[in-house]
Each structure stands twice: as structure tokens, then as C-alpha cells.
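One structure below.
It should be emphasised that the depicted structure is a prediction, and the values quoted were computed from it without experimental measurement.
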Amino acid sequence: MSQAEPLVEGSPVSLDLSEAELAAHRDHITEFIASVVDDAGAEGAVIGLSGGIDSTLTSHLAVEALGADAVHGLVMPSEVNTEGNMSDAERVAEMLDIEYDVLDIEPIVDAFFDAYPEGAEDRMAAGNVRVRTRAVLNYFVANTESGVVLGTGNRSEAMTGYFTKYGDQAVDCNPIGNLYKRQVRQLASHIGVPDDLVTKPPSAEMWLGQTDEEEMGLGYDTLDAILALHIDGPFSRTATVETLGVPESAVERVVELVETSEHKRHMPPAPAELDR
């Protein structure tokens, strides 16, 4: 990924980080991971490996922060995961020389479907069961080994609610949580992650054939640009449309994703205190 490459073709906007900024983020994140583990009095970290760029980058940074012996990877396939992604997940673990286990979650998921058959045909509900099952296993292993669970969520996902509540955000920390997806890819390239992993299409794999960008209705580069200018930044909708050269419907879609997922970014609410 070249420096100062525009987020949206034809626009002047770029979120690309300089080499100095990439090095600073690398140091900052590894120090953060080490401090989280140390503050918890833990002996290491557990991370779910999906074969995607987010978990791949996080696992690389975790090894830098803690050493390979202190990182335990979990590869948790189900019937909707592609063989290629699961193979990539194992490849990452072997490349980093970390301990890893392959835990087939489908028997556990089937137990949920047997207990409540009415939900088995609901694609979203069934997909969330798979994600939450992985979260339980992450903590089961982490509790057994006195470890912390490292999340793999990025800023783009967090802001749009593109995660499962009490699933992939049921973690102790999100080391790359301040990076937009584009910056995740850029930092991964910076630290030497193979290009085929950096550029592969992202997918939560909650069901067969799912891709992030198709489900959200726009590409990550466009999403990141709108988030940076209009949600995080001061640009109005009109200014965002004109600056990026994107349709107004794209900005409206991002605003909708942010607003409807607000509840995911807060603790469960309780009633206001009664007047005394």
C-alpha cells in the first residue's frame, strides 16, 4: 500500500500513516498489550485466530509484546468457515511459533440448536451463536491458563457495530481498536505480514459466503473515509459527499450503521435513580 494513497479514488483524502507513525503505533500497541497482561497479573494471552487480517496483526503484535511462549491461539472452525481461512489461521500460528489448538465448535452450536430448534434457521441468530461460542471458549482457555483474552476488533467495526454483542467484543482489550481497517492493513504490511493475508477479502464468516463489505453495502475504504470525515471529523454530510465524490446514500448508510449500533458500545442500561 503506497503512502498518501487516497481512500476513495479521485478524492484528496488519505488516512495512510507515515513510516514514523506506523513505528509509533507498533510500539504503542505492544506496550499496551504488555501492560494489560501485567496489570491483570496474568501469565499470557489467548487470541482467537480466524485467518483474517485483524487477528493476524493482533497475534503478531502480541508475540512482539509478550513472546511466543506467552501467546495461545485458538482456531475454532465450524461448518460455515472456509477451509482456506482455517488453514490461514493455523499458518499464522505456525509462522509465529505459538501454541495453538483447533477446537471444532459445531458440536457445541448443534447443542444450542437442539435446545431451541426454532432459531436454527435464522441466519443471523445462528451466526451469533457461533461467535458467542468462540467467546466462551476463549475465556475458558484463558481462565484455565491465567491469561487475558485479546480482542481483534478495529475502529471501523466498533463504530459501525459490525461485531456480535457479547461475542467477538467479549474480550479484555482491543489492541488495534484505534485503527481504521485501512490502517490495520497498512500496519500489517509494515511489520511483515504476507501480502496475501493483508489483501484477502474480510469476512466474519457467520454464514456461508458472507463478506463484510457486501453485508455493510460499501467497501472499507469508503467506510473509513466517511467515518473519518463525518463521524469522527467535523465535515457535514454535504461536505463529505463533495469531498469524497461518493453518493449521499453512502453517507446515510454509514450514519445509520453508527446510530443503530449505539447500544453495542455501552454497558447495559439501568433505570435512572429514583428521587429520594
Side-chain angles (χ1 to χ4, degrees), residues 45-60 62 71-96 98-117 119-142 149-154 156-158 160-171 174 176 181 184-185 188 193-216 219-220:
V46 171
I47 180 170
L49 300 174
S50 68
I53 190 57
D54 296 318
S55 68
T56 297
L57 174 59
T58 304
S59 59
H60 275 73
V71 180
H72 189 164
L74 298 182
V75 180
M76 296 175 277
S78 74
E79 66 178 25
V80 302
N81 293 107
T82 65
E83 182 178 341
N85 277 338
M86 295 300 94
S87 176
D88 281 342
E90 293 190 56
R91 172 183 159 204
V92 169
E94 291 166 0
M95 185 166 51
L96 293 172
I98 62 173
E99 177 187 0
Y100 75 96
D101 290 298
V102 179
L103 307 177
D104 181 7
I105 69 167
E106 206 60 32
I108 304 171
V109 172
D110 285 342
F112 281 104
F113 294 166
D114 289 342
Y116 189 66
E121 299 304 316
D122 185 316
R123 190 170 67 170
M124 182 64 74
N128 283 331
V129 166
R130 291 186 173 92
V131 179
R132 291 179 177 128
T133 297
R134 293 189 180 98
V136 171
L137 287 170
N138 279 336
Y139 270 100
F140 188 25
V141 174
V149 176
L150 298 183
T152 63
N154 59 60
S156 306
E157 292 170 343
T160 56
Y162 197 73
F163 59 89
T164 295
K165 202 171 186 178
Y166 307 118
D168 44 342
Q169 283 285 19
V171 296
N174 275 309
I176 62 171
K181 187 75 170 188
V184 169
R185 292 192 179 109
V193 173
D195 287 344
D196 64 310
L197 296 176
V198 173
T199 60
K200 72 188 293 187
S203 172
E205 288 202 304
M206 292 175 66
W207 54 79
L208 286 170
Q210 180 194 27
T211 66
D212 293 5
E213 294 181 332
E214 182 177 346
E215 187 180 357
M216 287 189 291
Y220 267 113

In short, Val109 meets Thr133 closest at the heavy-atom pair CG2-OG1, 4.0 Å

Residues Ala89 and Leu49: closest non-hydrogen pair is CB-O, 3.5 Å

Scanning both residues in full, the closest heavy-atom pair of Ser55 with Gly48 reads CB-O, 3.5 Å

Residues passing the salt bridge (Lys or Arg N to Asp or Glu O under 4.0 Å) test with Asp196, sequence neighbours excluded, are Arg91

**Q.** Check against side-chain contact (heavy atoms from CB on, under 4.5 Å), Val71 and Leu96
**A.** CA-CA 10 Å; Val71 180; Leu96 293 172; over 6 Å; no

Salt bridge or not for Asp88 and Lys200, using N-O below 4.0 Å? yes

Checklist line | Evaluation steps, salt bridge (charged side-chain N to carboxylate O under 4.0 Å, His left out), between Arg132 and Asp168 | finding: CA-CA 7 Å; Arg132 291 179 177 128; Asp168 44 342; over 6 Å; no

message: Within the structure provided, determine whether Ser50 and Asn85 are in side-chain contact (heavy-atom separation under 4.5 Å).
response: no

### Task
Under the side-chain contact (heavy atoms from CB on, under 4.5 Å) rule, what do Tyr220 and Glu157 come out as? Steps first, then yes or no, please.
CA-CA 10 Å; Tyr220 267 113; Glu157 292 170 343; 3.9 Å; yes

Checklist entry - Do Asp101 side-chain atoms and Leu103 backbone N/O form a donor-acceptor pair below 3.5 Å? => result no

- Side-chain contact test, heavy atoms from C-beta onward, threshold under 4.5 Å: evaluate it for Tyr162 versus Ser156 and give yes or no. no

Taking every heavy atom of Ala120 against every heavy atom of Ala126, the minimum-distance pair comes out as O-CB, 3.9 Å

Given 3.5 Å as the limit, does a donor-acceptor pair link the side chain of Asn81 with the main chain of Ser78, or not? yes

Between Ala188 and Val198, the two heavy atoms sitting closest are CB-CG2, 4.0 Å

ask   = Would you say the side chain of Leu137 lies within less than 4.5 Å of the side chain of Ile105, judging by non-hydrogen atoms?
value = yes

Note: Glu106 and Glu79 closest approach over all heavy atoms is OE1-N, 3.0 Å

Rounded to the nearest 0.5 angstrom, the CZ-CE distance for Arg134 and Met76 is 6.5 Å

For a 4.5 angstrom cut-off between non-hydrogen side-chain atoms, does Asp54 reach Lys181?
yes

Of Thr164, Asn174, Thr152, the one forming a side chain to side chain contact (heavy atoms under 4.5 Å, CB included) with Gln169 is Asn174

*asked:* If you count heavy atoms of other groups shown closer than 6.0 angstrom to OH of Tyr139, is the number above 12?
replied: yes

CG (Asn128) and CZ (Phe163) are apart, to the nearest 0.5 Å, by 11.0 Å

**Message:** If you define the side chain from C-beta out and look only at heavy atoms, does anything of Ile47 sit under 4.5 Å from Thr58?
**Reply:** yes

- Side chains of Tyr100 and Val75 in contact at under 4.5 Å (non-hydrogen atoms): yes

message: Could you tell me if the side chain of Glu83 sits less than 4.5 Å from the side chain of Pro77, heavy atoms only?
response: no

Side chain to side chain contact (heavy atoms under 4.5 Å, CB included) test vs Ile53 passes for just one of Thr199, Val193, Ile176, namely Val193

